[in-house]
Amino acid sequence: MEAAITRDESDYDSSSSSLTVPDSSRSWMSNLSFGSRRSSVSLCSVETSLYSSHKPHKANQAAWEAMKRLKRAKGKVGLDHFRLLRRLGSGDIGNVYLCQIRNPMVGLPQCFYAMKVVDREALAIRKKLQRADMEKEILGMLDHPFVPTLYAEFEASHYSCLVMEYCPGGDLYVARQRQPGKRFSISSAKFYAAEILLALEYLHMMGIVYRDLKPENVLVREDGHIMLSDFDLSFKCDVVPKLLRQKPNTEDTENQTPSCATPLQPVLSCFSSSNRKKKGSRVTTITEQADSVGHGVGPELVAEPITAKSKSFVGTHEYLAPEVLSGQGHGSAVDWWTLGVFLYEMLYGTTPFKGENNEKTLINILKQPLTFPRIRVKSGKELEEMVKVEDLISKLLVKNPKKRMGSLKGSVEIKRHEFFKGVNWALIRSVRPPEVPSDVHKLKSSRAHIPKLSKEERDAPYQIPRHFDYF
Ligand SMILES: Nc1ncnc2c1ncn2[C@@H]1O[C@H](COP(=O)(O)OP(=O)(O)OP(=O)(O)O)[C@@H](O)[C@H]1O
């Protein structure tokens with residue numbers, strides 16, 4: 001139960017405290033609550049939207065098809081076209097609602113969407129508008145099975161609305177509470193960590209440093225696979241893919257000295273050509289292609305924004321990397337640190353440097369050596385797996401970012417670790433996940449469980465004045 005802090009010095013333009021709250025009255029959409037769990041806060045910079053209507057990964061999805069048809073029929077999508085069903089959650093910058101298209105498309109199933117609604121005026125007062133704009137810009141660029149699809153975006157009055165893929169399975173923080181001893185099994189933790197690793201790999205290739213990995217931000221989709229959410233703390237940078245030549249059969253990635261070959265020309269792409277030309281999206285390869293070179297002995301493709309630097313103090317206390325705390329500048333290696341903290345929390349039910357209070361947690365992150373609690377294992381096989389995962393976590397939680405696993409060659413180094421041996425990276429999205437949300441069918445067939453908003457709110461939500469209670 002921890003709130004996060006933010007100080008901002010480089011990629012964002014304001015140094016205002018993240019916990020400053022305007023004294024204001026707003027409508028239903030601003031009815032935000034704070035501090036339900038560990039939350040994260042910061043500010044970020046505005047750039048033009050890269051929203052793309054070309055989403056190859058969603059080509060056969062009914063929700064995407066319905067949205068395309070709606071756009072074709074109406075010309076422009078707006079709030080009037082949606083029926084809001086209930087609030088799914090709220091965070092530091094907005095509320096998220098479950099919604100449906102008002103008039104279902106003939107021949108298509110009625111689909112659910114998640115609509116994130118941000119009060120632009122309120123955020124401007126709190127100097128957090130740029131965070132919302134950054135999130136919108138980043139979401140518009142994404143097209144990957146483990147990150148959200150932005151189906152539509154529009155403004156309504158002073159609200160900004162993002163219509164995204166809906167995840168009915170909740171988040172991994174809640175899922176962890178359901179596990180025996182509030183800990184995931186090693187195989188479940190491996191599955192989730194592997195999918196997150198692929199999502200981070202994709203983001204890094206797109207020049208996006210995520211910065212806010214924590215179980216609360218890993219949502220579970222209808223099919224049980226994961227979706228990273230919440231991109232308002234992310235930052236964008238340029239990244240140029242490189243081919244690293246390496247000696248054959250070099251298993252120990254830490255001791256390799258890569259030599260940089262000529263930067264790879266951006267010729268392979270799973271992204272739209274319009275995106276490719278824009279700042280921050282010069283990376284041009286697909287995950288599977290990176291996989292295939294990552295396991296061979298030939299040159300390795302590396303698309304890691306190694307030189308990207310930010311000095312913003314952002315994230316969630318227990319997940320902050322040492323270099324974020326020291327304020328000397330941080331880059332994509334923060335995501336590999338957070339992957340280590342995430343794996344630790346999944347397996348041990350707590351984070352590795354948690355102190356009695358936030359201040360002590362931060363000191364521990366900087367000074368305390370990593371230790372692992374003893375947990376009972378049921379078999380020799382499990383013990384073996386435990387040894388491997390602890391080795392991986394130790395390599396991810398190296399305090400010096402330059403020596404951290406992944407900092408040099410990105411995800412390929414981590415994917416090759418013994419713990420992930422046997423993971424079929426290219427086909428992981430076809431593997432049966434540890435849990436598949438069981439109530440999805442109930443949710444679909446029984447509308448009685450869903451609506452929580454009054455008719456008045458649903459019909460004209462932004463006109464209803466309500467108390468503004470951020471905290
Ligand atoms: N696509 C989705 N499907 C289902 N629920 C979602 C979805 N997106 C967000 N939520 C729910 O809404 C909550 C708030 O969303 P989100 O974290 O994006 O808001 P935020 O204001 O950016 O939060 P933060 O304070 O962490 O930055 C989430 O914790 C989650 O429970």
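Order of appearance sets the numbers: ligands from 1, and atoms from 1 within every ligand.
- Aromatic ring centres of His225 and Tyr192 lie farther apart than the 6.0 Å criterion allows.
- When the options Glu135, Lys214, Met164, Lys116 are ranked by their closest heavy atom to atom 22 (O) of ligand 1, first place goes to Lys116.
- Residue contacts with ligand 1: Asp230 is placed with a nitrogen or oxygen under 3.5 Å of a nitrogen or oxygen of the ligand (distance criterion only).
- If you look at Glu216 next to ligand 1, there are no close heavy atoms at all, none under 4.0 Å.
- Each of the following atoms of ligand 1 lies closer than 4.0 Å to a heavy atom of Gly94: 21 (O).
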query = Step by step, would you call Trp425 with Tyr202 a ring pair (Phe, Tyr, Trp, His ring centres under 6.0 Å)?
reply = CA-CA 13 Å; Trp425 296 101; Tyr202 169 77; over 10 Å; no
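- Checked for salt-bridge contact, Glu201 and Lys415 meet the test: a charged N lies under 4.0 Å from a carboxylate O.
- Residue Ile93 approaches ligand 1 through these ligand atoms, each under 4.0 Å from one of its heavy atoms: 21 (O), 22 (O).
- Checking only distances, Met227 never comes within under 3.5 Å of ligand 1, N or O to N or O.
- With respect to the salt-bridge test (charged N to carboxylate O, under 4.0 angstrom), the residues Glu155 and Lys136 qualify.
- Close approach of ligand 1 to Ala114 (heavy-atom distance below 4.0 Å) involves ligand atoms 1 (N), 2 (C), 3 (N).
- Counting only heavy atoms from C-beta outward, the side chains of Leu142 and Leu150 never approach each other to under 4.5 Å.
- Counting only heavy atoms from C-beta outward, the side chains of Arg211 and Phe235 approach each other to under 4.5 Å.
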ask   = Taking it one step at a time, do Thr361 and Lys354 satisfy side chain to side chain donor-acceptor pair (under 3.5 Å)?
value = CA-CA 5 Å; Thr361 299; Lys354 191 171 167 50; over 6 Å; no
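- Ring geometry for Phe231 against Tyr210 counts as tilted: the plane angle lies between 30° and 60°, on a 0 to 90° scale.
- Stacking of Lys214 on the aromatic ring of Tyr344 is not recorded, the 6.0 Å distance cut-off and the 45° axial limit not both being met.
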ask   = Can you list the steps and then say if Glu165 with Tyr151 is a side-chain contact (heavy atoms from CB on, under 4.5 Å)?
value = CA-CA 7 Å; Glu165 204 172 338; Tyr151 292 113; 3.6 Å; yes
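- By the 3.5 Å distance cut-off applied to N or O atoms, Tyr166 is not counted among the residues near ligand 1.
- For ligand 1 and Glu165, the ligand atoms under 4.0 Å from any heavy atom of the residue are 1 (N), 2 (C).
- In this comparison of Ser229, Pro168, Gly91, the heavy atom closest to atom 23 (O) of ligand 1 sits on Gly91.
- Nearest-heavy-atom check against atom 12 (O) of ligand 1 across Val163, Leu123, Val220, Val96 picks out Val96.
- Among Leu219, Asp171, Asp92, Leu88, the residue whose heavy atom sits closest to atom 7 (C) of ligand 1 is Leu219.
- Under 4.0 Å from ligand 1, the heavy atoms of Ser90 that appear belong solely to its backbone.
- Contacts of Asp232 with ligand 1, taken as heavy-atom pairs under 4.0 Å, involve the side chain alone.
- Checked by distance only, ligand 1 and Cys167 come closer than 3.5 Å through their nitrogen or oxygen atoms.
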